[in-house]
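For reference, the structure discussed in these notes is given below.
Owing to the predicted nature of the structure, the values given are computational and were not obtained by experimental measurement.
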Amino acid sequence: MTKTRYLTGITPSGTPHLGNYAGMMRPAIAASRAGDVENFYFLADYHALIKCQDPERVNRSTLEIAASWLAAGLNPEHVTFYRQSDIPEIPELTWFLTCVTGKGVLNRAHAYKAAQDKNAESGKEGDDGVTAGLFMYPVLMGADILVFNANKVPVGRDQIQHIEMARDMASSFNHLYGEHFVLPEAAVDDHVATLAGLDGRKMSKSYDNTIPLFSTQAQLKKLIGSIVTDSRAPGEPKEVEGSALFQMYQAFATPEETAALRQAYADGIAWGDAKALLFECIDRELAPLRERYNYLMDHPQEVEAILRQGAEKARTYSGPLLHKLRAAVGLRPLTAASHADTPKAATRQAGAAFKQYRDKDGKFYFKLVRADGAVLLQSLGFDAPRDAGAMIAQLQAQPQSLPEAMDNLQLGDSCSLSDVQLALKEIAES
């Protein structure tokens, strides 16, 4: 059974909080236990350098984030868990993709446009304070994804653009050098829990309203005690809608416990008593995880060993791919045979490959091209890249289905159905 490959990056730029845990970590770890998926989780420390130039903070945060995921239940035996900077193929692929990515595409990236808009509001020059790292961020993210040919990338809606850009990079590279990359898809979960912070706004480090995931019991109790509530006295009915306290409780309690607190709100529970229930509920789940986290923080050598083992595992995928990509772009030993030196008669049917691309009309196309550059088959335009990919997969798996698919295809000059079917058969056999 072919497994769907998921890839998730975590930027080590701060200390994880309860919102990170409930909204991302806990559901991602649960999903990693499914038997029909293959999961890659990485610490995006290259990305951290874009916004943080404090070496100690980057290093400390990398340890904290890694220890948090491991303590929360991520099993490195079931997933590939690695540090981005331990994979040298990622920066190399970043350069390959840089050379096929239009500057105009990067000009439209949300983060870059936001920086320019902020400068415009302040009366500054558009690129003031904008580093090349910020501008090139989407290409590095594209390399993160494509170096492992991930099928799905869980992201929020604000990150969908980056996945579309990675698809464009993959299509451009495939068009120039042959089919090497699958086109990734964004996996958006609109039901991800978003916890409110201490002041009722979304829990976020930028609002300074977070509860660190692995606070001590005393710190956790104190922070929960500082959650903003309204002025309703004990005995007065209270609303669960808009209550940060209730929302947080719901994220950690059983359905039965949640129903009981909902009734207690209606009956006028005192805020102090509600906060005590919240503390007990959260600490019940986090106490054993906290013990594991504290152990890992005291033994960083064990975390380092896990990440290095993960990198070795990851490079069994990235190493062979980059070896092929280097040859594809011409970075190969001078003694290696060149397709240009091979007689055309000998390559007439050899080395046929699909090339998928997006044209100026916005539609997605593919063509089947021989090693000598002759086009055997050309598709009509598809509205979505997945439709083009599905037809390629069908032709590769079932060459005999070619006649029925010809409504969406055109034969190349001086080519017959039998020429194409022979090429498809050779692809299938290889």
Side-chain angles (χ1 to χ4, degrees), residues 10-28 51-52 57 60-61 64-65 68 71-72 114 118 121 156-159 189-290 293-294:
I10 311 105
T11 304
S13 59
T15 302
H17 53 70
L18 290 186
N20 299 141
Y21 175 73
M24 177 191 177
M25 296 172 66
R26 187 170 59 185
K51 293 183 178 180
C52 182
R57 181 182 176 191
R60 176 70 179 184
S61 180
E64 289 179 347
I65 300 292
S68 296
K118 184 177 180 180
E121 292 173 2
R157 291 201 170 277
D158 61 331
Q159 289 282 313
D189 186 353
D190 288 323
H191 302 290
V192 169
T194 301
L195 293 193
L198 300 176
D199 58 1
R201 294 181 293 177
K202 174 185 174 182
M203 188 175 292
S204 171
K205 290 187 288 289
S206 61
Y207 295 148
D208 193 27
N209 66 352
T210 66
I211 299 178
L213 176 57
F214 291 119
S215 304
T216 64
Q217 281 186 321
Q219 290 171 329
L220 177 62
K221 190 169 187 177
K222 181 178 179 180
L223 287 169
I224 287 175
S226 68
I227 293 174
V228 174
T229 54
D230 60 34
S231 59
R232 298 181 198 187
E236 289 186 72
K238 297 169 177 62
E239 297 290 337
V240 297
E241 294 298 325
S243 169
L245 194 156
F246 184 84
Q247 182 198 55
M248 208 176 295
Y249 185 85
Q250 189 174 26
F252 288 87
T254 66
E256 293 76 16
E257 289 170 333
T258 300
L261 184 60
R262 185 184 297 274
Q263 183 59 52
Y265 263 55
D267 294 340
I269 187 173
W271 287 125
D273 293 339
K275 290 178 178 180
L277 288 174
L278 176 60
F279 166 74
E280 292 170 6
C281 180
I282 293 178
D283 192 60
R284 178 183 64 198
E285 180 168 339
L286 295 186
L289 310 187
R290 186 188 300 118
Y293 173 80
N294 290 335

Could you list the residues that satisfy salt bridge (charged side-chain N to carboxylate O under 4.0 Å, His left out) with Asp267, not counting sequence neighbours? none
Between the CG atom in Asp283 and the CZ atom in Arg290, the distance rounded to the nearest 0.5 Å is 4.5 Å
Looking at Lys205, I want to see if its NZ is surrounded by more than 12 non-hydrogen atoms of other residues, nucleotides or ligands under 6.0 Å. yes
Ala196 and Gln247: which non-hydrogen atoms are nearest, and at how many Å? N-OE1, 2.6 Å
In Ile282, Leu195, Leu223, the residue satisfying side-chain contact (heavy atoms from CB on, under 4.5 Å) with Ile211 is Leu223
Over all atoms of both residues, closest heavy-atom pair of Ala244 and Gly200: CB-CA, 4.2 Å
So, taking the atom named OG1 in Thr210 and the one named CG in Leu198, what distance separates them when rounded to the nearest 0.5 Å? 7.0 Å
Give me the atom names and distance for the closest heavy-atom approach of Pro237 to Ala266. CB-O, 3.5 Å
Honestly, is Arg232 close enough over Tyr265, meaning NZ or CZ under 6.0 Å from the six-membered ring centre and within 45° of the axis? no
When rounded to the nearest 0.5 Å, the distance separating CZ of Phe246 from CD of Glu239 is 11.5 Å
Closest non-hydrogen atom pair, Glu236 against Ala233: OE2-N, 2.8 Å
His17 and Ser204: which non-hydrogen atoms are nearest, and at how many Å? NE2-CA, 4.3 Å
Who are the side chain to side chain donor-acceptor pair (under 3.5 Å) partners of Tyr21, not counting sequence neighbours? Glu285
Got Leu213 and Met25 here, is their nearest side-chain heavy-atom distance under 4.5 Å? yes
Nearest 0.5 Å, please: how far is CG in Leu278 from CD1 in Ile227? 5.0 Å
Of all heavy-atom pairs linking Gly225 and Lys275, the shortest is O-NZ, 2.9 Å
For atom CG of Asp208, is the number of surrounding heavy atoms from other residues, nucleotides or ligands below 6.0 Å larger than 12? no
Any donor and acceptor pair, going by atom type alone, linking the side chain of Arg57 with main-chain N or O of Gly14 inside 3.5 Å? no
Rounded to the nearest 0.5 Å, what separation is found between the OG1 atom of Thr15 and the CZ atom of Phe214? 11.5 Å
Criterion side-chain contact (heavy atoms from CB on, under 4.5 Å) on Ser243 and Lys238, from CA distance to verdict: CA-CA 9 Å; Ser243 169; Lys238 297 169 177 62; over 6 Å; no
So, taking the atom named CG in Leu18 and the one named CG in Leu220, what distance separates them when rounded to the nearest 0.5 Å? 7.0 Å
Counting distance only, does the side-chain N/O of Gln217 pair as donor-acceptor with the main-chain N or O of Ala287 below 3.5 Å? no
What salt bridge (charged side-chain N to carboxylate O under 4.0 Å, His left out) pairs are there with at least one residue in residues 245-257, not counting sequence neighbours? Glu257-Arg284
